[in-house]
Amino acid sequence: MIRSLPKIGQQRGLRYVFVSQILLAVLLIGVEFMDILPRLTRERVELPEGPVSPGDQRREYRTDDPGPSFLTTEGPAHLDLPAAFPSSLNFERKEVDGTDMIVVSGEIAEGDADRFSDYLAGLDAPPSLVTLHSPGGVVAEALIIGRLLREKEFDTAVLEGAFCASSCPYILAAGMERRVSLAGAIGLHQHYYEQPGYMPVMFAVENIQSGQGRTMEYLIDMGVDPSIMVYALKTPPEQVYVLVEEELRTTRIATEIIE
């Protein structure tokens, strides 16, 4: 009887481990469900289509449509835009109307900052202008790319028919000069900061606030009014708030407006 006690203890220990794993799995599922539930229960708002005007600036946000209805033209002259956004950034050197530039298009994915750094390092006398066409993506990658552009003193632009939304405007913000066409579009909305799904709510909120703080600090460093974050924070992630000319100027996300 005495020799069987260790086996009984081992069985109890294994039982406790098994039960603990079940409880942890239930907790993780619950956390994930609580994260998804607000998005499932949020009332869907029917948004207008077509070009925006002051006070009518919210549109549906989609990453699969490189030519949303609020763009007033099909694309910049002599610059072909993709039929669909690539799942990670594409970098291409082009000459448009005699101007040498790097065209950056596609979704911003993990690892894109390193890829872009390598791309620039491989260029012989790179141009000073980076133009953008992106629905956004990973915020941290956008901020790293932006820091790299500012360090190398690039100018940035969103040309006629191009779209820069979500985290893409943070790359735009890095330009020494930031040119935005009124026939292009700059869009903002709430975005997600990377965090483990099992993180307790208190620490998840702290992590989100920390991420927002880093983003605001970045904007200040770039010379952009951090109040631009208000438009993002008030717009649900399934929508996009398109900035009009006055907002482009007052927030300084654009240093020059082009036709």
Side-chain angles (χ1 to χ4, degrees), residues 51 62-109 111-138 141-187 222-224 242-243 245 248-249 252-259:
R62 292 174 54 183
T63 60
D64 62 345
D65 184 6
S69 65
F70 49 79
L71 289 174
T72 56
T73 60
E74 295 181 355
H78 314 303
L79 184 59
D80 294 329
L81 295 178
F85 283 121
S87 59
S88 61
L89 288 179
N90 179 66
F91 319 118
E92 186 175 7
R93 187 171 187 170
K94 288 191 174 184
E95 185 174 308
V96 179
D97 292 337
T99 301
D100 192 13
M101 63 182 68
I102 299 171
V103 180
V104 177
S105 61
E107 297 185 41
I108 304 169
D112 277 348
D114 287 338
R115 290 178 54 243
F116 187 51
S117 179
D118 292 342
Y119 173 80
L120 292 178
L123 290 180
D124 181 24
S128 61
L129 178 63
V130 171
T131 66
L132 301 165
H133 184 52
S134 169
V138 181
E141 295 289 324
L143 299 185
I144 296 171
I145 292 172
R147 295 281 186 192
L148 177 63
L149 291 181
R150 177 55 63 93
E151 178 186 340
K152 295 183 178 297
E153 299 186 344
F154 278 93
D155 294 334
T156 54
V158 174
L159 299 179
E160 178 183 1
F163 175 41
C164 182
S166 188
S167 59
C168 174
Y170 302 140
I171 300 179
L172 173 67
M176 301 295 291
E177 298 293 331
R178 304 178 287 276
R179 304 182 185 97
V180 176
S181 171
L182 294 180
I186 309 298
M222 298 299 146
V224 175
V242 182
L243 299 178
E245 181 176 0
L248 293 169
R249 292 184 186 276
R252 301 191 298 277
I253 192 66
T255 60
E256 180 183 353
I257 302 295
I258 57 179
E259 297 299 330

**Q** Do Ser105 and Glu92 make a side-chain contact, defined as non-hydrogen atoms from C-beta onward lying under 4.5 Å apart?
**A** no
**Q** Measure the CG-CD1 distance between Leu132 and Ile108 for me, rounded to the nearest 0.5 Å.
**A**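 Answer rounded to 0.5 Å: 8.0 Å.
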**Q** To the nearest 0.5 angstrom, please state how far the OG1 atom of Thr255 sits from the CZ atom of Arg249.
**A**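 Reported to 0.5 Å precision, the distance equals 10.0 Å.
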**Q** To check you understand the geometry: which heavy-atom pair defines the closest contact between Ala173 and Val224, and what is its length?
**A** CB-CG2, 3.7 Å
**Q** To the nearest 0.5 Å, what is the distance between OG1 (Thr156) and CE (Met101)?
**A**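 Rounded to the nearest 0.5 Å, the OG1-CE separation comes to 12.0 Å.
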**Q** Using the ring pair (Phe, Tyr, Trp, His ring centres under 6.0 Å) rule, collect all pairs that involve residues 142-163, keeping only residues at least two apart or in two chains.
**A** Phe70-Phe163
**Q** Can you see which heavy atom on Phe116 is nearest to which on Val104, and at what distance?
**A** CE1-CG2, 4.2 Å
**Q** Which residues satisfy the salt bridge (Lys or Arg N to Asp or Glu O under 4.0 Å) test with Asp65, sequence neighbours excluded?
**A**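 None.
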**Q** I'd like to know if the side chain of Glu141 and the backbone of Ala113 have a donor-acceptor N/O pair within less than 3.5 Å.
**A** yes
**Q** Could you go through the side-chain contact (heavy atoms from CB on, under 4.5 Å) check for Arg179 and Leu129 one step at a time?
**A** CA-CA 10 Å; Arg179 304 182 185 97; Leu129 178 63; 3.6 Å; yes
**Q** For the side chain of Asp112 and the backbone of Ser88, is there at least one donor-acceptor N/O pair under 3.5 Å apart?
**A** no
**Q** Could you check whether Arg147 pairs with Glu151 (Lys NZ or Arg NE/NH1/NH2 to Asp/Glu carboxylate O, under 4.0 Å)?
**A** no
**Q** Supply the atom-to-atom distance Ile186 CD1 to Cys168 SG, rounded to the nearest 0.5 angstrom.
**A** 6.5 Å
**Q** Show the nearest heavy-atom pair for residues Met222 and Gly146, with the distance to one decimal.
**A** CE-O, 4.5 Å
**Q** Can you tell me how far apart CD1 (Ile253) and CG (Leu248) are? Round to the nearest 0.5 Å.
**A**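 Atom-to-atom, Ile253:CD1 and Leu248:CG are 8.5 Å apart.
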**Q** Using modelled atom types only, decide if a donor and an acceptor are shared between the side chain of Arg178 and the backbone of Arg252 within a distance under 3.5 Å.
**A**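 It does hold such a pair.
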**Q** Is there a donor-acceptor pair closer than 3.5 Å between any side-chain N or O of Arg115 and the backbone N or O of Leu89?
**A** yes
**Q** Might you point out which heavy atoms bring Ala157 and Leu172 nearest each other, and give the distance in Å?
**A**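 Residues Ala157 and Leu172, closest heavy atoms: N-CD1, 4.1 Å.
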**Q** Find the distance between CD1 (Ile171) and CZ (Arg150) and round it off to the nearest 0.5 Å.
**A**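 Spacing of CD1 (Ile171) from CZ (Arg150) equals 13.5 Å.
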**Q** Assess whether side-chain contact (heavy atoms from CB on, under 4.5 Å) is satisfied between Ile102 and Leu123, documenting all intermediate values.
**A** CA-CA 10 Å; Ile102 299 171; Leu123 290 180; 3.7 Å; yes
**Q** Closer than 3.5 angstrom, by distance alone: can the side chain of Ser134 be matched with the main-chain N or O of Gly106 as a donor-acceptor pair?
**A**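 Side chain of Ser134 to backbone of Gly106, a donor-acceptor pair under 3.5 Å: yes, one is there.
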**Q** Give the minimum heavy-atom separation between Leu71 and Ala183, together with the two atoms involved.
**A** CD2-O, 4.1 Å
**Q** Output all residues satisfying salt bridge (Lys or Arg N to Asp or Glu O under 4.0 Å) with Asp64, sequence neighbours left out; order by chain, then residue number.
**A** Arg62
**Q** Tell me the closest heavy-atom pair linking Ser166 and Gly137, and the distance in Å.
**A** OG-N, 4.3 Å
